[in-house]
J.: 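If you scroll down you'll find the structure; I have some questions about it.
FYI, the numbering just counts along the sequence from 1.
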Amino acid sequence: MTLFSYEIFDAVARQGSFNKAAQQLHLTPSAISHAIAVMEEELGFALFNRGKNGVSMTSYGASLYPSIRDVLNSDEALKQSIARLNGLEKGKVKLGVFNSVCASLLPGLVKSFAAHYPQIEIEVYQGTYDDVKEWLRTGQVDIAFLSSTCREEFNLTELFREPLLCIVPQDWPEPQDGVMTPALMNGQSFVVQCDATDAEMRQFLKKYKIGTERRCHVIDDQSNIAMVEAGLGISIMPQMLLRDCKAAVKVYPIEPEEYRVVGLAVQRPTSMAPAVEQMFHHIVEYCHELDLSL
């Protein structure tokens with residue numbers, strides 16, 4: 001198989017469609033289909049399941065995908081190294097980010113990086129913690145923002161830590177000293193998100209043995225805030241998400257203080273491509289200068 005075969009495989013795997021992969025690579029769908037068929041014949045097994053709603057990798061295809069990503073990443077690293085030797089800063093960096101970082105931190109960070117390295121292309125993939133972890137495992141992203149809840153699986157470079165805060169509806173009675181405690185939260189209705197997004201809240205509830213009535217399960221941070229604003233429960237969220245909050249909610253510090261720690265992980269720590277290394281160091285420096293106060 002050729003490097004272009006690997007690029008076709010990667011495009012189909014990421015797009016889940018021969019048509020979309022063809023658009024990405026500026027080929028015809030029939031050319032994509034033929035290339036995949038040739039690969040499957042050469043390998044002796046099917047790489048994709050075909051269906052009315054698109055295609056998905058077979059177990060064989062999924063087992064090969066990380067190795068194929070390694071080949072493509074190595075090729076990208078080689079191109080970037082050659083560009084650096086020629087005195088150019090070129091390349092591509094793929095970032096995996098979870099929602100709050102994407103909305104609050106990333107716009108300024110990407111703008112800052114682009115001002116220094118205008119010829120380096122940046123691709124952003126936004127998802128839950130689980131999405132980002134999977135993208136990093138398979139090589140779909142080079143650099144991943146993750147919380148310390150993922151520390152057991154990846155070697156994280158700490159970027160910053162931010163306090164967890166409690167948000168409540170406007171008509172919530174004022175807590176003593178303007179501070180929420182586990183005792184005050186125990187037994188209350190909570191607005192929660194999926195496990196892969198709300199890891200810090202779930203750790204907090206478990207640590208302090210807080211019993212909850214979970215009325216609302218939502219899928220993103222803004223929906224979470226909107227549900228609290230509507231009086232459907234309280235919630236615990238990282239400070240970053242509440243810095244520019246215009247919703248009619250009250251925000252209280254929590255005692256004892258608990259934090260979300262955000263870190264950075266890379267797909268290949270010992271052999272980062274030049275553009276990836278530039279972005280990694282830029283992110284670390286940018287985050288260390290952040291003012292995270294409300």
Side-chain angles (χ1 to χ4, degrees), residues 1-15 21 24-27 32 35-36 39 42-43 47 57 61-98 101-102 105-106 109-127 131-146 150 153-159 262-288:
M1 293 187 293
T2 65
L3 185 64
F4 191 51
S5 299
Y6 295 151
E7 292 175 353
I8 291 173
F9 181 102
D10 179 56
V12 174
R14 290 166 62 179
Q15 299 291 346
Q24 176 184 321
L25 297 175
H26 306 290
L27 299 171
I32 296 290
I36 295 297
M39 291 175 66
E42 183 177 341
L43 292 168
L47 296 170
M57 284 186 288
S63 67
L64 285 182
Y65 191 38
S67 298
I68 288 175
R69 282 298 331 161
D70 284 343
V71 172
L72 293 174
N73 287 336
S74 295
D75 178 65
E76 175 64 21
L78 176 61
K79 291 176 181 176
Q80 292 180 23
S81 296
I82 293 170
R84 174 175 280 185
L85 291 172
N86 284 321
L88 304 172
E89 290 290 354
K90 291 185 176 180
K92 178 189 294 185
V93 182
K94 293 163 289 184
L95 298 177
V97 296
F98 49 88
V101 164
C102 193
L105 174 66
L106 209 64
L109 192 157
V110 171
K111 182 178 180 180
S112 172
F113 184 80
H116 288 85
Y117 306 102
Q119 295 190 77
I120 295 180
E121 181 183 351
I122 302 169
E123 287 186 0
V124 176
Y125 296 81
Q126 178 183 359
D131 292 331
V132 176
K133 287 191 293 185
E134 181 61 21
W135 295 332
L136 188 62
R137 287 191 206 103
T138 61
Q140 187 167 335
V141 300
D142 304 303
I143 302 176
F145 286 86
L146 291 168
C150 309
E153 189 172 354
F154 299 100
N155 182 26
L156 297 183
T157 298
E158 183 175 327
L159 297 174
V262 177
L264 204 61
V266 294
Q267 210 265 337
R268 296 184 298 169
T270 59
S271 56
M272 286 186 280
V276 174
E277 187 174 4
Q278 293 279 17
M279 173 61 89
F280 181 90
H281 292 302
H282 186 85
I283 292 172
V284 172
E285 292 171 7
Y286 183 91
C287 289
H288 286 175

J.: Identify the two heavy atoms, one from Ala275 and one from Gly91, that lie closest to each other, and give their separation to 0.1 Å.
T.: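 Heavy-atom minimum between the residues: CB-CA, 4.2 Å.
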
J.: side-chain contact (heavy atoms from CB on, under 4.5 Å), that's the test. Do Val97 and Val132 meet it? Break it down for me.
T.: CA-CA 6 Å; Val97 296; Val132 176; 5.7 Å; no

J.: Would you indicate whether the side-chain heavy atoms of Asp10 and Arg69 approach each other to under 4.5 Å?
T.: yes

J.: First locate atom CD1 of Ile120, then atom NZ of Lys92, and finally report the distance between them rounded to the nearest 0.5 Å.
T.: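 Spacing of CD1 (Ile120) from NZ (Lys92) equals 13.0 Å.
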
J.: Do Gln126 and Phe98 come close enough that some side-chain heavy atom pair is under 4.5 Å?
T.: no

J.: Taking the side chain from Asp142 and the backbone from Lys94, do they hold a donor-acceptor pair closer than 3.5 Å?
T.: yes

J.: Any idea which heavy atoms bring Ala265 and Leu136 closest together, and the distance?
T.: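 Minimum heavy-atom contact is CB-CD2, 3.7 Å.
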
J.: Going by the rule ring-ring contact (aromatic ring centres under 6.0 Å, His included), which residues pair with Phe9 if we only count those two or more places apart in sequence or in a different chain?
T.: Phe48, Tyr65

J.: How would you list, by chain and number, every residue that makes a ring-ring contact (aromatic ring centres under 6.0 Å, His included) with Phe113, sequence neighbours excluded?
T.: Tyr117, His282

J.: For residues Met279 and Leu109, determine if any side-chain heavy atom of one lies less than 4.5 Å from a side-chain heavy atom of the other.
T.: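 Met279 vs Leu109: side chains touch.
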
J.: State, to 0.1 Å, how close Leu25 and Ala11 come at their nearest heavy-atom pair, and which atoms those are.
T.: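 For Leu25 and Ala11, the tightest heavy-atom pair comes out as CD1-CB, 3.8 Å.
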
J.: Please report the closest heavy-atom contact between Pro274 and Ala77, naming both atoms and the distance.
T.: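 Taking every non-hydrogen atom into account, CD-O, 3.9 Å.
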
J.: How long is the span from the OG atom in Ser67 to the OH atom in Tyr6, to the nearest 0.5 Å?
T.: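 Answer for the OG-OH pair, Ser67 versus Tyr6, is 9.0 Å.
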
J.: Which is it for Leu43 and Leu64 under the side-chain contact (heavy atoms from CB on, under 4.5 Å) test, yes or no, and what are the steps along the way?
T.: CA-CA 11 Å; Leu43 292 168; Leu64 285 182; 4.0 Å; yes

J.: Could you list the residues that satisfy side-chain hydrogen bond (donor to acceptor under 3.5 Å, both in side chains) with Ser74, not counting sequence neighbours?
T.: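 Per chain and number, Ser74 pairs via side-chain hydrogen bond (donor to acceptor under 3.5 Å, both in side chains) with Arg268.
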
J.: State which residues pass salt bridge (Lys or Arg N to Asp or Glu O under 4.0 Å) with Glu134; sequence neighbours excluded, sorted by chain then number.
T.: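 Only Arg137 meet the salt bridge (Lys or Arg N to Asp or Glu O under 4.0 Å) criterion with Glu134.
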
J.: Write out all pairs satisfying salt bridge (charged side-chain N to carboxylate O under 4.0 Å, His left out) with one or both partners inside residues 269-287, taking only residues at least two apart or from two chains.
T.: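 Output for this query is empty, none listed.
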
J.: Using 0.5 Å steps for rounding, measure from the CG atom of Leu106 to the OH atom of Tyr286.
T.: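 Between atom CG of Leu106 and atom OH of Tyr286 there are 9.0 Å.
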
J.: With side chains defined as the heavy atoms from C-beta onward, is the minimum distance between Phe145 and Leu264 less than 4.5 Å?
T.: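 The answer is yes, as the side chains (C-beta and beyond) meet within the 4.5 Å cut-off.
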
J.: Out of curiosity, Ile68 CD1 to Leu47 CG, how far, rounded to the nearest 0.5 Å?
T.: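 With rounding to 0.5 Å, CD1 (Ile68) is 7.0 Å from CG (Leu47).
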
J.: Quick one: pull up OG in Ser112 and CD1 in Ile283 and give me the separation to the nearest 0.5 Å.
T.: 10.5 Å

J.: Using side-chain heavy atoms (C-beta onward) and a distance below 4.5 Å, is Ile36 in contact with Met39?
T.: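 SC-SC contact between Ile36 and Met39 confirmed.
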
J.: Could you go step by step and tell me if Glu7 and Leu72 meet the side-chain contact (heavy atoms from CB on, under 4.5 Å) rule?
T.: CA-CA 7 Å; Glu7 292 175 353; Leu72 293 174; 3.6 Å; yes

J.: Roughly how far, to the nearest 0.5 Å, is CG of Leu146 from CZ of Phe154?
T.: 6.5 Å

J.: Could you pull out the closest heavy-atom pair between Cys102 and Val124, with the gap in Å?
T.: SG-CG1, 4.3 Å

J.: Report the residues that fulfil salt bridge (Lys or Arg N to Asp or Glu O under 4.0 Å) with Asp70, sequence neighbours left out, ordered by chain and then residue number.
T.: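 Partners of Asp70 under the salt bridge (Lys or Arg N to Asp or Glu O under 4.0 Å) test: none.
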
J.: Taking the side chain as C-beta and beyond, is there a heavy-atom pair between Val284 and Leu159 under 4.5 Å?
T.: yes

J.: Mark yes when over 12 heavy atoms from residues, nucleotides or ligands other than His116 sit less than 6.0 Å from its NE2; otherwise mark no.
T.: no

